[in-house]
Engineer: 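Once you've had a glance at the structure underneath, I'll fire off some questions.
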2 protein chains.
Amino acid sequence: MSDGIDSIHHINFLVRDLDAAEQRYRSVLGLGPAIRDELPGRQVITARFKLGDSWLVLVQPTSEEGEPARYLRENGEGFFLIAFGVNDLDVAMQRAKEAGSGFTTDEPRTGLDGWRTIDVDPADTFGAIIQLTEE
Amino acid sequence: MSDGIDSIHHINFLVRDLDAAEQRYRSVLGLGPAIRDELPGRQVITARFKLGDSWLVLVQPTSEEGEPARYLRENGEGFFLIAFGVNDLDVAMQRAKEAGSGFTTDEPRTGLDGWRTIDVDPADTFGAIIQLTEE
């Protein structure tokens with residue numbers, strides 16, 4: 001394994017109605033049932049599909065607070081963020097720092113399923129919200 | 001193989017300066033050199049990285065014409081579209097039609113590397129531009 005990126009770990013789309021979106025993605029794309037989760041720390045509920053070595057995650061905010069709700073309000077439904085899979089997040093963070101990049105928080109947070117994840121400073125990433133994630 | 005989606009085939013991000021974006025992604029994410037292509041039919045140049053079973057594609061319009069240039073003008077840099085990998089595009093299109101979905105063109109077009117691809121009607125997809133792609 002390299003210490004670089006080895007996958008698109010997950011990609012998140014914001015939706016207003018998780019049930020409708022899950023149903024639509026399932027019927028259009030021919031997918032089985034999603035795994036449902038709740039992430040109280042982000043104030044969202046999620047429905048995720050495993051596609052090859054990536055997760056497609058539909059995200060519905062459950063309150064008006066928090067970053068996902070703010071992003072949905074300002075940008076509407078659609079793409080929210082992409083997370084690249086790394087096998088050692090500390091190594092990947094160190095490399096990014098040495099390349100002059102920053103992160104929006106000092107420490108990684110815990111996402112779905114215990115994923116350890118951190119957001120790259122969006123000033124670096126040409127308009128895309130990018131995370132690094134280690135399982 | 002199922003006749004459903006088996007991967008995130010590629011995900012495209014629009015950028016204004018392909019050289020700067022490729023360099024930035026390489027240094028932040030620890031990636032090797034991208035594969036460069038030109039798609040005159042879409043009036044873009046591209047730099048793509050293989051990540052697991054997916055391609056990350058950076059896209060720079062080369063003129064003011066065409067859909068990528070229009071999207072960049074209206075939305076700025078960042079996420080453009082996601083393409084789901086299918087092993088039989090005709091089967092996948094038929095299933096999507098039976099689920100009530102439309103496509104923005106009657107027939108697939110040829111993308112990078114001869115990929116056969118078609119855009120799902122964005123009215124169906126909660127704000128995301130979605131393609132189906134067969135290699």
Side-chain angles (χ1 to χ4, degrees), chain A residues 2-11 13-18 20-21 23-32 49 51-56 58 72 75-82 84-86 91-92 94-102 120-122 124-130 132, chain B residues 2-11 13-18 20-21 23-32 49 51-56 58 72 75-82 84-86 91-92 94-102 120-122 124-130 132:
Chain A
S2 90
D3 66 353
I5 304 296
D6 55 21
S7 66
I8 293 178
H9 184 276
H10 60 279
I11 176 164
F13 290 92
L14 285 166
V15 299
R16 293 196 177 86
D17 181 334
L18 193 63
Q23 188 51 48
R24 195 73 200 147
Y25 273 79
R26 288 189 60 187
S27 64
V28 172
L29 302 181
L31 301 173
F49 301 98
L51 302 175
D53 56 17
S54 305
W55 290 97
L56 169 67
L58 306 176
L72 176 60
N75 300 280
E77 294 183 294
F79 176 77
F80 179 36
L81 61 83
I82 185 168
F84 296 103
V86 298
V91 169
Q94 185 60 35
R95 184 190 47 247
K97 282 178 188 165
E98 284 166 6
S101 280
V120 177
D121 186 337
D124 283 342
T125 54
F126 302 90
I129 296 182
I130 287 179
L132 304 176
Chain B
S2 90
D3 65 354
I5 305 295
D6 56 23
S7 66
I8 294 177
H9 184 277
H10 60 278
I11 176 164
F13 290 91
L14 285 165
V15 299
R16 293 197 177 85
D17 181 335
L18 193 62
Q23 189 49 48
R24 194 72 201 147
Y25 274 79
R26 286 188 62 187
S27 64
V28 173
L29 301 181
L31 301 173
F49 301 97
L51 303 176
D53 55 16
S54 304
W55 290 97
L56 169 67
L58 306 176
L72 176 61
N75 300 280
E77 295 182 292
F79 177 77
F80 179 37
L81 61 83
I82 184 168
F84 295 104
V86 299
V91 169
Q94 185 60 35
R95 183 190 47 245
K97 282 179 187 164
E98 286 167 5
S101 280
V120 177
D121 186 337
D124 283 343
T125 53
F126 302 89
I129 297 182
I130 286 179
L132 303 176

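Throughout, protein chains are lettered first and strands after them, A, B, ... in sequence-line order, and every chain is numbered starting at 1.
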Engineer: Parallel, tilted or perpendicular: which fits the ring planes of B/Phe13 and A/Phe79, with parallel below 30° and perpendicular above 60°?
Structural biologist: perpendicular
Engineer: Determine the option with the most heavy-atom pairs under 4.5 angstrom with chain B, choosing from A/Gly85, A/Ala96, A/Ala99, A/Ala20.
Structural biologist: A/Ala99
Engineer: Based on non-hydrogen pairs under 4.5 Å, which of B/Ser27, B/Gly32, B/Gly100 is most in contact with chain A?
Structural biologist: B/Ser27
Engineer: Considering only heavy atoms, which portion of B/Leu31 lies under 4.5 Å from any heavy atom of chain A: side chain, backbone, both, or neither?
Structural biologist: side chain
Engineer: Count the heavy-atom pairs under 4.5 Å between each of B/Leu132, B/Ile82, B/Val120 and chain A, then report the option with the highest count.
Structural biologist: B/Ile82
Engineer: Could you look at B/Val15 and say if it's the side chain, the backbone, both or neither that has a heavy atom under 4.5 Å from chain A?
Structural biologist: side chain
Engineer: Looking at every non-hydrogen atom in both residues, tell me the closest pair between B/Ser54 and A/Ser54 and how far apart they are.
Structural biologist: OG-OG, 3.8 Å
Engineer: Name the region of B/Phe126, side chain, backbone, both or neither, that has any atom closer than 4.5 Å to a heavy atom of chain A.
Structural biologist: both
Engineer: Within the structure provided, determine whether B/Leu56 and A/Phe84 are in side-chain contact (heavy-atom separation under 4.5 Å).
Structural biologist: yes
Engineer: Between A/Val86 and B/Leu29, is any pair of side-chain heavy atoms under 4.5 Å apart?
Structural biologist: no
Engineer: Non-hydrogen atoms of chain A under 4.5 Å away: do they reach the side chain of B/Leu58, the backbone, both or neither?
Structural biologist: neither
Engineer: Count the heavy-atom pairs under 4.5 Å between each of A/Asp124, A/Leu14, A/Ile11, A/Ile129 and chain B, then report the option with the highest count.
Structural biologist: A/Asp124
Engineer: Check A/Tyr25 against B/Thr125 and note the closest heavy-atom contact, atom names and distance.
Structural biologist: OH-O, 3.6 Å
Engineer: Could you grab the distance from atom CD1 of A/Ile8 to atom NE2 of B/His10, nearest 0.5 Å is fine?
Structural biologist: 10.5 Å
Engineer: For A/Val28 and B/Ser101, which heavy atoms make the closest approach, and how far apart are they?
Structural biologist: CG2-OG, 2.9 Å
Engineer: Do B/Ile5 and A/Phe49 have side chains that get closer than 4.5 Å, going by heavy atoms?
Structural biologist: no
